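Report on the following structure.
Since the model is a prediction, treat every value here as computed from it, not as a measurement. Residue indices begin at 1 and follow the sequence shown. Indexing begins at 1, ligand by ligand and atom by atom, following the structure's order.
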Amino acid sequence: MAGDVVDLILADHRKFEALLRDIRNEEEDQEEALRELAAVLVAHAEAEEKEVYPKLRRKDAIDSEKAEHGEHEHAEGHESLLRVLEVGDPSKEDFGDALEELTKDLAHHLDEEERTILNPAREEIEESIRQELGRAFMEERQRQLDNDCGDIENVRRLVEEARASGDL
Ligand SMILES: [Fe+2]
Ligand SMILES: [Fe+2]
């Protein structure tokens with residue numbers, strides 16, 4: 001049993017925030033926290049785009065503008081994540097600036113997604129469908145993780161694709 005897609009998405013959002021705190025904290029394994037954030041962030045965004053946004057659109061819980069805006073913000077997040085991964089070393093001066101940018105992009109996207117996508121999903125989509133969507137979301141998320149989706153080369157590929165398709 002995977003659970004309600006809204007709860008699963010919210011749990012990931014809180015996980016991103018916790019990992020960002022660990023990445024800033026010199027007493028934590030910052031590089032490990034960054035690897036984990038990269039993987040779960042990309043897996044989450046890809047699973048939302050492939051399994052959640054299209055279904056919410058078909059059910060008229062959100063319009064295509066909201067879904068496209070969400071995809072644009074995912075691409076921006078991946079671009080900021082790529083900069084952090086490119087610096088890589090938390091002790092480098094540029095790391096803090098890159099991390100600050102990623103933190104801002106993420107805070108903005110999580111706020112907007114929770115207000116304008118998850119709230120309508122809760123109201124407009126019946127419980128059994130939210131459970132079904134939860135399963136599909138977790139399956140795609142796991143498939144992404146199994147394919148090492150947070151690897152810098154994959155993140156670079158996603159950013160390049162977003163540039164080519166006009167999402168960035
Ligand atoms: Fe999300
Ligand atoms: Fe998202």
Can Arg130 and Asp7 be said to form a salt bridge (charged side-chain N to carboxylate O under 4.0 Å, His left out), step by step? CA-CA 9 Å; Arg130 294 204 309 268; Asp7 296 335; over 6 Å; no
Can you list, by chain and residue number, the hydrophobic cluster partners of Leu133 when the side-chain cut-off is 4.5 Å? Val5, Val6, Leu8, Ile9, Leu10, Val52, Tyr53, Leu56, Ile62, Ile117, Leu118, Ile125, Ile129, Phe137, Met138
With rounding to the nearest 0.5 Å, note down the distance linking NE2 in His69 to NE2 in His74. 10.0 Å
Ignoring hydrogens and geometry beyond distance, is a side-chain donor-acceptor pair present between His72 and Glu68 at under 3.5 Å? no
Neighbouring protein N, O or S atoms of the Fe ion (ligand 2), below 2.8 Å: 4
Value rounded to 0.5 Å, distance of CZ in Arg157 from NE2 in His78: 10.5 Å
Under a 3.5 Å cutoff, is there a donor and acceptor pairing between the side chains of Asn119 and Glu123? no
